[in-house]
Amino acid sequence: MSSSRSESSDEQRPAGSASDGRGRSLPSDESRAAAAGGRRLALDVHGRLRTMILTGELPPGSVLLQARMARRLGVSRTPMREACRLLQEEGLIDARPDQRARVRAVDPADLDAVYGARIMLETLAVSMTAKSFTAADIEGMSDALKRMQGLAVDEQPDEWHAAHHEFHGIATQAVGPHLRRMIASLGEQSERYVRLAQLGAQSSWGTAYAEHEALLEALGTSAPAEAARVVARHLARTALNVLADVAPEYEPAVTRAALGIAGNGQP
């Protein structure tokens with residue numbers, strides 16, 4: 001009797017599926033491939049939406065309608081829901097039950113915390129990088145800086161920020177992959193605020209480029225303490241400029257404390 005039941009269940013089981021020995025079907029290669037493909041699509045949608053938020057294409061406070069955005073991106077609602085879940089975990093959108101998802105508004109406390117963390121982590125990273133900096137690294141950072149200086153940030157923001165990421169990426173490359181991912185994530189979060197603040201005034205860019213040149217010189221001369229001081233003051237000045245633009249009433253206690261610890265002074 002048990003044998004006939006087993007044979008009957010085998011006949012009813014879809015072709016290509018496997019059994020765990022108890023009559024229960026295991027996922028087929030096709031179903032596993034479909035699940036992996038769905039996950040990749042959700043991550044792709046997440047990446048595209050994340051870029052739209054970080055660059056300001058989806059500005060703070062804007063409503064994120066899943067059905068409409070799914071049609072815009074040419075995907076179904078399922079990967080869109082997963083992408084929104086990931087964005088909410090990252091703190092880029094607010095999505096409460098029975099309410100429309102919205103891109104998070106500018107939060108000066110969040111900006112202050114992001115830059116405080118960047119100052120502490122990047123001063124550590126550049127001080128380590130200075131100990132093993134090579135001629136090829138100097139050439140790479142110099143090339144990135146020249147590209148930055150040759151671009152109009154207000155007219156070519158994507159190209160400028162790409163060169164800027166490359167410059168700072170080389171400057172912090174000596175740390176391990178986990179710390180590099182943390183630094184990169186904080187950099188992406190702060191970029192959103194920098195773009196929103198529209199720091200395109202010539203008066204601010206002259207100082208910024210001088211600080212980039214000073215960082216390159218400190219790394220090139222294997223001066224860890226000076227490299228840490230320069231990058232701490234550079235990041236703090238950027239944070240204070242952004243906060244002055246988006247929330248002039250806010251006191252950036254975290255940024256100033258981090259600068260006091262890592263930069264030996266005030267901007």
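FYI, side chains are in, hydrogens and waters are out, and symmetry mates aren't considered; it's all heavy atoms of this structure. Since this is a predicted model, take the numbers as computed values, not measurements.
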### Closest heavy-atom pair and its distance - Thr123, Ala228
CG2-O, 3.3 Å
#### Entry: Hydrophobic cluster membership, Met52 vs Leu41, 4.5 Å side-chain cutoff
yes
### Side-chain touch Leu259/Arg256, heavy atoms, less than 4.5 angstrom
no
### Message
Has Arg180 got a side-chain atom pairing as donor or acceptor with Val175's backbone, closer than 3.5 angstrom?
### Response
yes
### Query
Side chains of Thr207 and Arg237: do they bring a donor and an acceptor to under 3.5 Å?
no
### Query
So, for Ser127 and Pro224, which heavy atoms are closest and what is the spacing to 0.1 Å?
O-CB, 3.4 Å
### Query
Any sub-3.5 Å donor-acceptor pair from Arg104's side-chain atoms to Asp94's backbone N or O?
no
### Task
For Leu215 and His234, run side chain to side chain contact (heavy atoms under 4.5 Å, CB included): C-alpha distance rounded to whole Å, both residues' side-chain angles, the deciding distance at 0.1 Å, then the answer.
CA-CA 9 Å; Leu215 176 58; His234 169 62; over 6 Å; no
### Message
Looking at every non-hydrogen atom in both residues, tell me the closest pair between Leu121 and Met182 and how far apart they are.
### Response
CD1-CE, 4.0 Å
#### Entry: Closest approach of Val246 to Pro248 (non-hydrogen atoms, all atoms of both residues)
C-CD, 3.9 Å
### Task
Say whether Val242 and Tyr250 are linked into one hydrophobic cluster, either directly or through other cluster members, by side-chain heavy-atom distances under 4.5 angstrom.
yes
### Message
I'd like to know if the side chain of Ser62 and the backbone of Val103 have a donor-acceptor N/O pair within less than 3.5 Å.
### Response
no
### Task
Sequence neighbours left out, what pairs pass side chain to side chain donor-acceptor pair (under 3.5 Å) with at least one residue falling in residues 134-143?
Thr134-Asp137, Asp137-Gln173, Asp143-Arg147
### Parallel, tilted or perpendicular, as decided by the 30° and 60° cut-offs, for the rings of Phe167 and His212
perpendicular
### Query
Leu243 and Pro252: which non-hydrogen atoms are nearest, and at how many Å?
CD1-CB, 3.5 Å
### Query
Taking it one step at a time, do Leu64 and Arg100 satisfy side chain to side chain contact (heavy atoms under 4.5 Å, CB included)?
CA-CA 7 Å; Leu64 187 61; Arg100 292 175 173 176; over 6 Å; no
### Task
Determine, step by step, whether Phe133 and Ile170 satisfy the side chain to side chain contact (heavy atoms under 4.5 Å, CB included) criterion, reporting the C-alpha distance in whole Å, the side-chain angles of both residues, the deciding distance to 0.1 Å, and the verdict.
CA-CA 9 Å; Phe133 213 59; Ile170 298 172; 4.1 Å; yes
### Message
Side chains of Glu191 and His164 only: does a donor on one sit below 3.5 Å from an acceptor on the other?
### Response
no
#### Entry: Taking every non-hydrogen atom, the tightest pair across Glu166 and Gly140
OE2-O, 4.1 Å
### Message
Once rounded to the nearest 0.5 Å, what's the spacing between atom OG1 of Thr172 and atom CD1 of Ile183?
### Response
5.0 Å
### Query
Taking the side chain from Tyr209 and the backbone from Met148, do they hold a donor-acceptor pair closer than 3.5 Å?
yes
### Query
Quick one: OG1 on Thr51 to NE2 on His46, what's the gap to the nearest 0.5 Å?
9.0 Å
### Query
Just wondering, are more than 12 heavy atoms of other shown residues or ligands nearer than 6.0 Å to CD in Glu217?
no
#### Entry: Candidates Glu122, Met128, Met120 - the one meeting side chain to side chain contact (heavy atoms under 4.5 Å, CB included) with Leu124
Met128
### Donor-acceptor contact present, side-chain Thr255 to main-chain Ala236, <3.5 Å
no
### Message
Between Ile119 and Val230, is there shared hydrophobic-cluster membership here, with clusters defined by ILVMFWY side-chain heavy atoms closer than 4.5 Å?
### Response
yes
### Message
Measuring from atom CZ of Arg48 to atom CG of Leu43, what distance do you get when rounded to the nearest 0.5 angstrom?
### Response
13.0 Å
### Task
Ignoring hydrogens and angles, tell me if any N or O in the side chain of Ser185 forms a donor-acceptor pair with the backbone of Arg181 under 3.5 Å.
no
Between side-chain atoms of residues 69-87 and protein atoms elsewhere (two or more places apart, or another chain), which donor-acceptor pairs fall under 3.5 Å?
unit_1, atom_1, unit_2, atom_2, d
Arg72, NH2, Glu57, OE2, 2.7
Thr78, OG1, Arg81, NH2, 3.4
Glu82, OE1, Arg85, NE, 3.1
Glu82, OE2, Arg39, NH1, 2.8
Glu82, OE2, Arg85, NH2, 2.6
Arg85, NH1, Glu89, OE2, 2.4

### Message
Could you work out, with ring-ring contact (aromatic ring centres under 6.0 Å, His included) as the rule, every residue matching His161, not counting sequence neighbours?
### Response
none
### Message
Tell me whether Leu145 shares a hydrophobic cluster with Val126, the cluster being built from Ile, Leu, Val, Met, Phe, Trp, Tyr side chains joined at under 4.5 Å.
### Response
yes
### Message
Same cluster or not: Leu235 versus Leu219, using hydrophobic residues (I, L, V, M, F, W, Y) connected whenever any side-chain heavy atoms lie under 4.5 Å apart?
### Response
yes
